[in-house]
Amino acid sequence: MDKPTAAENDRDVAMFEVADAYISFMGRFSTPLAPLFADVGLVGVPATAPILDVGCGPGMLTAELVRRHGAPRVTAVDPVATFVTAAATTHPGADVRRASAEALPFAEESFDATLAQLVVHFMSDPAAGLAEMRRVTRPGGRVSACVWDHGGGTGPLSAFWRAVLAVDPTVTDEATLPGSNAGDLTALLTAAGLGEVSEVPLTVTVPFATFDEWWEPYTYGVGTAGVAFDALAHGQQERVVELLRAELGDGPFTMSATAWAGSGVR
Ligand SMILES: C[S@@+](CC[C@H](N)C(=O)[O-])C[C@H]1O[C@@H](n2cnc3c(N)ncnc32)[C@H](O)[C@@H]1O
């Protein structure tokens, strides 16, 4: 193999910076969420069965699925190339591909379980994405999705959004995104043709040694929250940080976050 060029090296470093930024910002909550969500999404699914992780990101749920089913039985997809590279590197032996939920590159009835952790609210067409997840799942298999409770104000970003809205009420938060309110996922899964649909809240609690440890990833520009913070004027940014420090203290503290998890049978 040829030695990588300087440009290729720079690109690879940048790719891993994107994945690392995601892991420090959201992975710290989605990693402990994964085993709780897998418990919901793998009910009745034998450990020898093939399973699919839709919107895998750098591979937080993928890790839990590999732990339970073994890498050769796990397939994962994400539309973002940097995440696909990160997940494939972390989970050799799993089949990791670049694809969106709305156009899954798999034959009908390929998997016993299809899971999407923290993805439905980012899909351009959640109905089409869940319909595709149903299509690639075998009859009797399970389709599941979870989304943080942005609407109910108990998600991992809820304290941040409250502070931002206190400073600038014109900002659009994530409270009305699909799946972000109790009952949303039940309606979406039912509309996608799944049966025996149920929905439960899943709560994780994450410890932080200091306020700065919790806050710093918000300054990386990751996700809707990072972009919204970047867009605030300088004085507004400082006010948001002041409000949050007054609410949370200097640390140590724990932060709990709840997601809605819906699951149905094809
Ligand atoms: C909040 S991250 C969740 C990543 C991972 N599942 C986790 O739990 O940490 C949302 C992921 O959904 C992916 N995504 C966005 N739109 C998507 C779509 N239409 N189909 C599949 N994945 C999508 C993003 O690229 C991103 O990796």
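Atoms within each ligand, like the ligands themselves, are counted from 1 in listed order. Note that this is a predicted model, so its numbers are computed, not measured.
- Taking the six-membered ring where tryptophan is involved, the planes of W148 and F29 are perpendicular, since the angle between them exceeds 60° and thus also 30°.
- Taking the six-membered ring for Trp and thresholds of 30 and 60 degrees, Y218 and W215 have nearly parallel ring planes, at less than 30 degrees apart.
- Residue pairs meeting the salt bridge (charged side-chain N to carboxylate O under 4.0 Å, His left out) criterion with at least one partner in residues 112-131, sequence neighbours excluded, are D112-R138.
- For W161 and F229, the gap between ring centers reaches or exceeds 6.0 Å.
- For S124 and E102, the side-chain atoms include at least one donor-acceptor pair closer than 3.5 Å.
- Within 4.0 Å of ligand 1, counting heavy atoms only, the contacting residues are Y22, S30, G55, C56, G57, M60, D78, P79, V80, F83, S100, A101, E102, Q117, L118, V119, F122, M123.
- Ion pairing between E64 and R67 holds under the 4.0 Å rule for side-chain N and carboxylate O.
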